[in-house]
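What follows is a single structure, written as structure tokens, with notes after it.
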Amino acid sequence: MEQLPSDVDVEYYDSEEKLIHKIFGALWDYPFVLTFNGDDFDLRYLYHRALNHFGMKRSQIPIELGRRVCLLKYGVHIDLYKFFFNRAIQIYAFSQKYRNITLNAVGKAVVGLEKIEFEKPLSELTYTELALYNFRDSEITLALTTFDDDLVMKLILAITRIARMPMEDVSRQGVSRWIRNFLHHEHRRKNMLIPNAEDILALKGTTATKAIIKGKKYKGAIVVEPVPGVHFNVAVMDFASLYPSIIKIHNLGYQSILCPHDECKENKVPETTHWICTKKRALESLLIGALRDLRVRWYKPKAKDETLSNELQSWYNVIQSALKVILNASYGVFGAATFSLYCPPVAEATAAIGRHVITQTINKARELEIDVIYGDTDSIFLRGASQDQIETLGEWSAKELGMELDVDKSYRYSVFSSRKKNYLGIFPDGSVDVKGMTGKKRHIPVFIKKAFDQMEERLGKVESPTEFEEAKKEIRKIIRDRYLQLKQRRWGDRPDELAFHVVLGKVPEAYTKTTPQHVRAALVLRDMGYDLKAGDLISFVKIVKEPRVKPVQLASNSEIDVEKYVGYLHSTFVQVLDALGLDFDEIIGLTKLERFM
DNA sequence: CCGACAGCCCAACATT
DNA sequence: AATGTTGGGCTG
């Protein structure tokens with residue numbers, strides 16, 4: 001068994017009451033207390049035990065009990081569960097490194113530490129085992145804030161200062177609260193009235209465009225129809241912080257949109273009936289613009305400034321990341337009904353101007369005789385553009401649009417089918433950028449992913465168009481091999497690698513309109529006594545018999561529906577084969593005639 | 001009291 | 001059998 005580190009002292013107590021007193025002593029003493037789920041469990045539990053079982057007075061308990069939070073009377077309690085739960089933090093600070101918000105999953109993904117697993121239930125552990133278990137938990141929890149030179153604490157501190165909120169609130173609340181507090185504070189500082197949400201809505205109304213997706217409030221970004229095929233020498237240009245830049249340059253805010261001045265009504269937002277004030281600067285435009293400029297012009301360059309010490313560079317980097325998180329959300333909040341300065345026309349105008357910007361840029365590129373092969377929201381993919389053409393386009397954008405358009409990345413070549421948000425880009429060093437492809441999605445069986453990874457690796461080795469023929473041959477082989485493996489049912493002793501992994505979006509009973517397959521599998525598990533919650537990952541395989549799915553734990557090799565998996569192999573690879581001019585059915589040896597049989 | 005936004009792809013389900 | 005809807009996973 002593992003040993004406790006030699007510098008760990010284990011203290012024994014002969015009563016729970018003494019133990020609680022000791023813990024409370026620490027809670028009265030430490031300036032910061034970190035937990036993972038302390039709001040809902042640890043601190044709440046301690047509070048109730050102290051109050052109800054040991055008759056302690058509230059004044060003796062260092063914990064302040066809230067409805068959903070537990071704060072400390074002396075120090076700052078940060079519940080890291082809430083912080084890592086934050087979607088904006090997950091995406092922009094940790095780029096989706098972790099999916100499940102459990103101490104084990106986050107610890108493993110972020111600091112490479114896992115919880116200790118025992119064969120027996122916690123109640124049967126020896127004291128030493130329990131100490132080991134607890135020590136590891138606290139080690140992970142602490143490491144989640146100390147890693148990377150205290151990155152998480154610095155991030156919380158930076159947001160605390162931008163949003164002017166206590167650290168307790170910053171670590172628990174979402175990005176819309178941060179932005180709200182930031183904007184509210186500036187209203188007060190300028191002695192401005194903070195409007196009621198209903199008043200903004202009544203005065204500025206709702207949206208004027210029709211969303212492409214049913215159920216959405218307004219029309220969003222443009223996605224350019226890709227030019228299918230393999231394209232060598234591709235430069236990807238994008239606008240730096242497109243939406244925040246638009247908010248800044250086009251004076252967007254609840255005050256300026258649909259302002260009362262007649263003379264502003266000419267200042268229309270393209271493709272809408274909205275107009276924007278030409279007389280007075282909106283506060284949001286000013287503030288979001290200021291944050292954007294601070295990030296782009298000060299914190300980002302400083303973070304890369306080699307003449308500064310590493311510590312200082314890292315601090316600048318933390319701030320620029322904090323600003324990035326806030327800026328990325330700064331447009332979306334105006335379209336969120338829960339936001340206190342909710343103003344749909346502002347969100348709508350931002351997106352509309354974005355469409356105008358990207359459309360004009362594409363037109364200009366074509367005017368400069370550059371091939372635009374794809375684009376999404378704020379980016380354009382240019383094939384075979386010269387340095388000169390790229391510079392000209394960038395200068396044009398700065399001059400005519402007032403927007404910074406730069407080369408974000410270059411691909412040796414890229415692979416597009418006719419599908420949007422779905423492509424491969426091969427970097428000059430041979431590494432591969434895969435976007436939106438089925439073969440990379442996390443719910444897809446490992447068995448299929450492996451073949452996709454092989455193909456990816458092979459594509460990375462292709463340097464020029466002439467080398468493609470050889471690569472195509474090998475890719476055909478990769479696919480055929482995998483197909484034959486399936487047909488001959490060679491996937492191992494257990495069907496583990498054939499499992500799909502899908503997250504339960506809600507508790508199984510809450511699916512009333514349809515019963516998706518992962519829910520069918522989940523219901524089987526629940527009948528066996530598993531407790532299933534929203535967010536749980538369900539692993540299941542496809543079988544021949546009804547109900548066509550089975551939790552992977554219960555499935556045996558013989559019942560696997562091989563044809564279904566062939567179908568998945570097909571749809572995974574057809575996204576790439578389309579572009580390479582290859583045919584799946586032909587690869588797996590079906591003649592044209594057999595396909596119709 | 002937890003919730004930033006829209007657009008796209010795919011498979012399976014439900015409805016006609 | 002064709003069509004629309006739902007749900008999950010993704011891009012930006």
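Just so we're clear, the structure is a prediction, and the values are computed from it rather than from any experiment. What you see below is based on every heavy atom in this structure, not just the backbone, and it leaves out hydrogens, waters and symmetry mates. By convention in this document, chain letters (A, B, ...) are assigned in the order of the sequence lines, proteins followed by strands, and residues within each chain are numbered from 1.
The A:K420 side chain lies nearest to B:dC8 when the options are B:dC8, B:dC5, B:dA11. The side chain of A:Q575 has B:dC9 as its nearest neighbour among C:dG7, B:dC9, B:dC8. When each of C:dG8, B:dA4, B:dA6 is scored by its nearest atom to the side-chain atoms of A:V333, the top-ranked nucleotide is B:dA4. Taking every side-chain heavy atom of A:I212 into account, B:dG7 is the closest of B:dC5, B:dG7, B:dA11. Of the candidates B:dA6, C:dG7, B:dG7, the closest approach to any side-chain atom of A:K217 belongs to B:dA6. Checking B:dC2, C:dT11, B:dA11 against the side-chain heavy atoms of A:D376 singles out C:dT11 as nearest.
Within the nucleic acid shown, A:F85 has no heavy atom closer than 4.0 Å to any nucleic acid atom. Backbone-only contact: A:A221 has heavy atoms under 4.0 Å from sugar-phosphate atoms and none from a base. A:Y511 comes within 4.0 angstrom of sugar-phosphate atoms only, judged by non-hydrogen atoms across all strands, and of no base. Within 4.0 Å (heavy atoms only), A:I213 reaches at least one base atom of the nucleic acid. Note on A:N328: a base of the nucleic acid sits closer than 4.0 angstrom, heavy atoms only. A:R548 comes within contact range of no nucleotide atom at all, as no heavy-atom separation falls under 4.0 Å. Looking at heavy-atom distances under 4.0 Å, A:R442 makes contact with sugar-phosphate atoms alone, never a base. Residue contacts for A:Y374: at a heavy-atom cut-off of 4.0 Å it reaches no nucleic acid atom on any strand shown. Counting any heavy atom pair closer than 4.0 Å across all strands shown, A:K435 reaches sugar-phosphate atoms only and no base atom. Across all strands, A:V519 comes closer than 4.0 Å to no nucleic acid atom at all (heavy-atom distances). A:K82 comes within 4.0 angstrom of nothing in the nucleic acid, heavy atoms only. Contact annotation for A:T515: backbone-only contact, meaning every heavy-atom pair under 4.0 Å involves sugar-phosphate atoms and none involves a base. As judged by a 4.0 angstrom heavy-atom cut-off over every strand, A:T350 is placed among residues making no nucleic acid contact. Nucleic acid contact for A:G220: sugar-phosphate only, since backbone atoms but no base atoms lie under 4.0 Å from a heavy atom of the residue.
Look at the C1' atom in both B:dA4 and C:dT11: the space between them is 16 Å, to the nearest Å.
If you take CZ of A:F334 and C1' of B:dA4, they are 11 Å apart, rounded to a whole angstrom. In this structure, CZ of A:F339 is placed 12 Å from P of B:dC5, rounded to the nearest angstrom. Distance, A:I91 CD1 to C:dG9 P: 14 Å, rounded to whole Å. If you take CG of A:L523 and P of B:dC13, they are 13 Å apart, rounded to a whole angstrom. Per the geometry, CG belonging to A:L242 stands 13 Å off C1' belonging to B:dC5, to the nearest Å. Rounded to an integer number of Å, the gap from OH of A:Y243 to P of C:dT11 is 17 Å. The NZ-P distance, from A:K210 to B:dG7, rounds to 10 Å in whole Å. Atom pair A:R520:CZ and B:dC13:C1' shows a separation of 7 Å (rounding to whole Å applied).
For C:dG9, neither phosphate oxygen OP1 nor OP2 lies less than 4.0 angstrom from any side-chain nitrogen or oxygen of A:K441. Residue A:Y423 places at least one side-chain N or O under 4.0 Å from the OP1 or OP2 atom of C:dG12. Contact check, A:R419 against B:dC9: no side-chain N or O comes under 4.0 Å of OP1 or OP2. For B:dC2, the OP1/OP2 oxygens have no side-chain nitrogen or oxygen of A:R87 closer than 4.0 Å. In terms of phosphate contacts, A:K421 brings no side-chain nitrogen or oxygen within less than 4.0 Å of OP1 or OP2 of B:dC8. When the side-chain nitrogen and oxygen atoms of A:S176 are compared with OP1 and OP2 of B:dA4, one or more of them lie within a distance under 4.0 Å. Taking 4.0 angstrom as the limit, A:K542 places a side-chain polar atom (N or O) nearer than this to OP1 or OP2 of B:dA12. The phosphate of C:dG8 (OP1 or OP2) has a side-chain N or O of A:H518 nearer than 4.0 angstrom. For B:dG3, the OP1/OP2 oxygens have no side-chain nitrogen or oxygen of A:Q173 closer than 4.0 Å.
Residue order along DNA chain B, read from the 5' end via each residue's closest nucleotide, puts A:S330 first among A:K564 and A:S330. Each of A:S571 and A:K214 was assigned the nucleotide of DNA chain B with the nearest heavy atom; the assignment lying further toward the 5' end belongs to A:K214.
Under the 6.0 Å cut-off for aromatic ring centres, A:Y423 and A:F416 qualify, their centroids lying closer than that. Close placement of the A:F94 and A:F84 rings is indicated, their centers lying within 6.0 Å of each other. Taking the ring centroids of A:Y565 and A:F447, they lie at or beyond the 6.0 Å cut-off.
Of the inter-residue distances, the one linking A:R520 atom CZ with A:R548 atom CZ reads 11.0 Å to the nearest 0.5 angstrom. Atom CD1 of A:I380 is separated from atom CG of A:L393 by 5.0 Å, given to the nearest 0.5 angstrom.
No option in A:I444, A:L569, A:I479, A:V434 other than A:V434 meets the side chain to side chain contact (heavy atoms under 4.5 Å, CB included) test with A:F452. Just one residue in the list A:F573, A:F500, A:F584, A:Y483 forms a ring-ring contact (aromatic ring centres under 6.0 Å, His included) with A:Y568, and that residue is A:F500.
Ring pair A:F36/A:Y81 is perpendicular by interplanar angle, where above 60° counts as perpendicular and below 30° as parallel.
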